[in-house]
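Okay, so here's the structure we're looking at.
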Amino acid sequence: MTSQGHPPYAYLSGTQGQQQSTPPRPSSSTSSPYEAQGNHLIVGKCMYCKSQLCYPHWVKVFKCVTCDTVNDLIPTFGVVPQEPLTLLQIEKEVELAKARQGEKGGEMDYSNLEALLREKLKKFAAFNASFSSGRPITYEHCGVNLDEARKAFAMLVAMPNPIALAVMTSVEAILKRPGKEIKEKEDLKFIMLMFECPWLSRHRTPQESDYHHNITKRLFTIVSNLPSELHRYLSNWFANCMTTKTFHHRINFVNKFITQRLSNQQKSSDRNQHTIYQSDARIQAAARVMHLFFKANQPNEKDLLDATGKSRLIQDMVIVPNARDAATKSQKVSVDEYYNMIVDLIDLPADFCAWESRSVMFTFCQYPFLISMGAKMQIMAWDAKRRMEIKMQKTIENLLKEKRLRAAEIGGETSGVALLTQAELQQAPLLILRVHRSNLIEESLTQLSQNEMDLDKSLRIEFIGEDGVDAGGLRKEWFLLLVRQLFDPQYGMFVYDDESSHCWFNPASFESLDQFYLVGVVIGLAIYNSTILDLPLPLAGYKKLLNTPVALEDLAAFRPDLAKGFNQLLDYDGDDVEDVFCLNFVGAYEAYGENIEVPLIPNGKDIPVTNLNKREYVERYANFVMNSSISDQFESFRRGFYLFCGGHALSLFRPEEIEFLVRGSAEPLDIDQLRSVTVYEGFNDDHEVIRNFWSIFKDFEDKNQRRLLQFITASDRYPATGIANLTFKITCMGSHDSNRYPTTHTCFNQLCLYNYKGREKLKNMLMRAMNESEGFGVK
């Protein structure tokens, strides 16, 4: 065996490693620690997939048995041409081809352009140097003129197949044998150009699709195993160098690759599908690449650093972007852009258990942004059911133990005390709260605090003095009424902003911290019991709960006037900030009519805001409002929330998803879609009463639409997963007209209507019922 010609396959040793180390060089020393005894084999890692391998100590090149990539231990990546490929060169060759056609006639002859491409792109170094911008490589700039590259590729992709082959055969050859380990930021220009390559997204025939899929899997393998510092560069470039439209296309590109591999596994294999994808290194590589795009969609990393470049504590800061551009101020795309619907079809509870047990195998729960909101809710519901079953089993065991102890105390037989009564068995898995509507907050919070150890049981509500068995509707109504009262500004725990319709923690609240703790418990309970709440807490609250950095734009969501003033200060270019704005380093809040001032820094009252320190002022003031002034209240709230939601299932969610999970969707109600999922009992969709009902519902203003929805379902919003996941039923209460009001069973989202004669009568009956009814009675 020699190192000439076709390279020898390496021997696979162990499992794939995660270390970003350089493969060891061959050693002539017989005492090398990398040699297996008597075999003269070196143990190293593939430069590209990081699999641990063994190879003969004398070779200079080998092929990895895992990713099939050729490793050159002595770099052979070629040289940079004196004139790397540019858009101008391509345009020049196209013009020459047109001129030749004009002289000779016939079809366009692109043979010279094809030769140019093969020459300029034949090695890694040459390809990497193409379309250079000539600018230094930084976190903000990748060193590639991407606009020029996109124009060039747009021209080439419209040309005959030989041009595509010239480019793609070069790409394939380089990815099969890069010639060097990619470990410098200057080497990443090739990667950026690969993501711009339009042919990889073309799937016109099965053969073309397979060919491009094989090239893509090599690209993802290399990118996913780059050093973490190079990943930082890539994620910053994805954020700063791509438009929202381009960014969206790149996410779809990665998701289509994952979809294709999962779909092929489901079609072609009769083995356990869960095991197949766990062992598929290509899916894992694609998930890692998607994670780079996910990171790029988050606040810019440089904004998380202090003036010395050190990372700051999330709870002690508010991000005030250095750059006043859209890339740093907000996300490029919403979190649902990352969802992959094929991932939702795998055995997610099994995947969750493997992830929860910290299995070394790949799981999609490691990359939860790929899992849709609905699928995460299924995982959470499964986890909640599991916890409830465990709690029920423990409760039954404790009840049996208590009965045996009581029997033993009175000298009776204990061996026969093994059965529980039917009532005891029915109540074992339940936490029952019995409250008066007139004293809802105090009684609810008192009973919750008294039953803290039983809060992971299934919750049931009884309103004292009212009929009705809670099958879910009373619980929904209890949550709705309790949260509305707790968050009412008159109660004093939260302050309300009229312009944004959001509330925030009151720094001057007279309520004890235990009250905030119990508010957190209530919200955690709502999530645990899959109940939508009318909770006007802004996204910043959920970000803080999940330890996600809050930004100035989050402040704008619930204090728009204050944020607007901050932006005006930041955007002001004059040198007379001190005279124009007349500000000092002092924060303020209102405490029951009195204005309380708090220094933002020592002696802040005597330190004016100037052009030099205005950014620091904005950051400190925003931090004062969102963090420091309400730290005690929020920490108590957080502790209560995590009493229930401290499980692993919650960590799968993003703050935006938790907000949807708690509040449901705030989008305008789609009455036609709601009608499409409605089932009827005693009516049909063409009945006069039903036609009138939907006509009335549709003609209502948004406020009355939500009031009617709340009357029927105990919530004025539909689930975060959409109306399609809302059960809705209309039942006929008799074939004759009636002067009785419509009734509802909110437990089952059921509306009961009589055969009212005329549209106007039905409208009046609905208005009276939904405006005056509460619980199981009418005011």
Side-chain angles (χ1 to χ4, degrees), residues 437-438 440 461 463 466-468 470-485 487-488 501 531-536 663-675 677-683 685 687-719 723 726-734 737-779:
R437 288 183 184 273
S438 58
L440 187 67
I461 300 297
F463 285 109
E466 298 182 17
D467 295 327
D470 187 9
L474 288 179
R475 182 181 63 201
K476 286 196 291 184
E477 186 180 11
W478 174 79
F479 273 119
L480 198 68
L481 294 173
L482 183 62
V483 166
R484 283 184 176 173
Q485 290 185 38
F487 281 82
D488 190 321
S501 298
T531 302
I532 297 174
L533 298 180
D534 182 22
L535 189 65
R663 300 196 68 188
S665 176
E667 295 181 2
L669 300 181
D670 188 333
I671 306 303
D672 291 332
Q673 189 178 8
L674 181 60
R675 183 174 185 174
V677 299
T678 301
V679 295
Y680 303 98
E681 185 177 346
F683 286 124
D685 191 61
H687 194 283
E688 180 184 3
V689 172
I690 298 302
R691 291 200 311 270
N692 288 337
F693 170 78
W694 291 115
S695 172
I696 294 165
F697 203 164
K698 201 167 186 177
D699 288 346
F700 275 157
E701 295 180 352
D702 181 72
K703 181 179 179 180
N704 281 333
Q705 284 183 349
R706 294 193 179 278
R707 188 170 292 171
L708 180 55
L709 184 66
Q710 180 181 329
F711 173 63
I712 301 170
T713 69
S715 174
D716 62 357
R717 293 170 175 237
Y718 53 81
I723 289 180
L726 178 68
T727 57
F728 202 81
K729 185 176 184 179
I730 302 179
T731 300
C732 179
M733 296 297 290
D737 190 10
S738 175
N739 291 322
R740 304 179 98 179
Y741 292 112
T743 58
T744 61
H745 299 288
T746 54
C747 318
F748 310 108
N749 300 333
Q750 182 181 12
L751 172 65
C752 301
L753 295 176
Y754 293 92
N755 196 6
Y756 299 111
K757 297 302 180 185
R759 185 179 188 276
E760 197 61 31
K761 181 173 183 178
L762 173 59
K763 181 178 180 180
N764 290 335
M765 288 293 188
L766 284 171
M767 290 289 292
R768 186 79 184 269
M770 70 186 192
N771 288 328
E772 297 186 17
S773 67
E774 185 176 272
F776 284 84
V778 178
K779 289 182 180 179

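From a predicted model like this one, the values you see are computed outputs, not experimental measurements.
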Who are the side-chain contact (heavy atoms from CB on, under 4.5 Å) partners of Val677, not counting sequence neighbours? Leu674, Ile723
Nearest atoms (heavy-atom pairs only) where Lys698 meets Gln705: O-NE2, 3.4 Å
Asp699 bridged to Lys763 by N-O distance under 4.0 Å: no
Just verifying a value: how many Å separate Ile461 CD1 and Phe479 CZ, rounded to the nearest 0.5 Å? 7.0 Å
Nearest 0.5 Å please: distance from the OG1 atom of Thr744 over to the CD atom of Gln710. 10.5 Å
What is the distance from atom CG of Leu762 to atom OH of Tyr754, rounded to the nearest 0.5 Å? 13.5 Å
For the atom pair CD1 (Ile730) and CG (Asn749), what is the distance rounded to the nearest 0.5 Å? 11.5 Å
Once side-chain contact (heavy atoms from CB on, under 4.5 Å) is applied, do any residues pair with Cys752, and if so which ones, sequence neighbours excluded? Thr731, Met733, Thr743, His745, Gln750
Name the orientation class of the two ring planes belonging to Phe697 and Phe693 (parallel below 30°, tilted from 30 to 60°, perpendicular beyond 60°). perpendicular
Note: Asn755 and Gly734 closest approach over all heavy atoms is CB-O, 3.5 Å
Looking only at atom types and distance, does a side-chain atom of Thr713 sit under 3.5 Å from a main-chain N or O of Leu709, one as donor and one as acceptor? yes
Output yes when a side-chain donor or acceptor of Asp488 lies under 3.5 Å from a complementary backbone atom of Arg484, and no otherwise. no
Taking Arg663 for the side chain and Leu535 for the main chain, is one N or O donor matched with an acceptor at less than 3.5 Å? yes
Heavy-atom closest contact (Ser695 atom, Arg759 atom, distance): OG-NH2, 3.1 Å
Taking NZ, NE, NH1 and NH2 as the nitrogens, is one of them in Arg706 or Asp702 under 4.0 Å from a carboxylate oxygen of the other? yes
Run the numbers on Arg437 and Glu466 for side-chain contact (heavy atoms from CB on, under 4.5 Å), then give the verdict. CA-CA 10 Å; Arg437 288 183 184 273; Glu466 298 182 17; 2.4 Å; yes
About how many Å separate CE of Met770 and CG of Asn704, when rounded to the nearest 0.5 Å? 4.0 Å
Checking Phe463 now: which residues fulfil ring-ring contact (aromatic ring centres under 6.0 Å, His included) with it, not counting sequence neighbours? none
Arg740, CZ: over 12 other non-hydrogen atoms inside 6.0 angstrom: no
Any idea which heavy atoms bring Gly758 and Asn692 closest together, and the distance? C-ND2, 4.0 Å
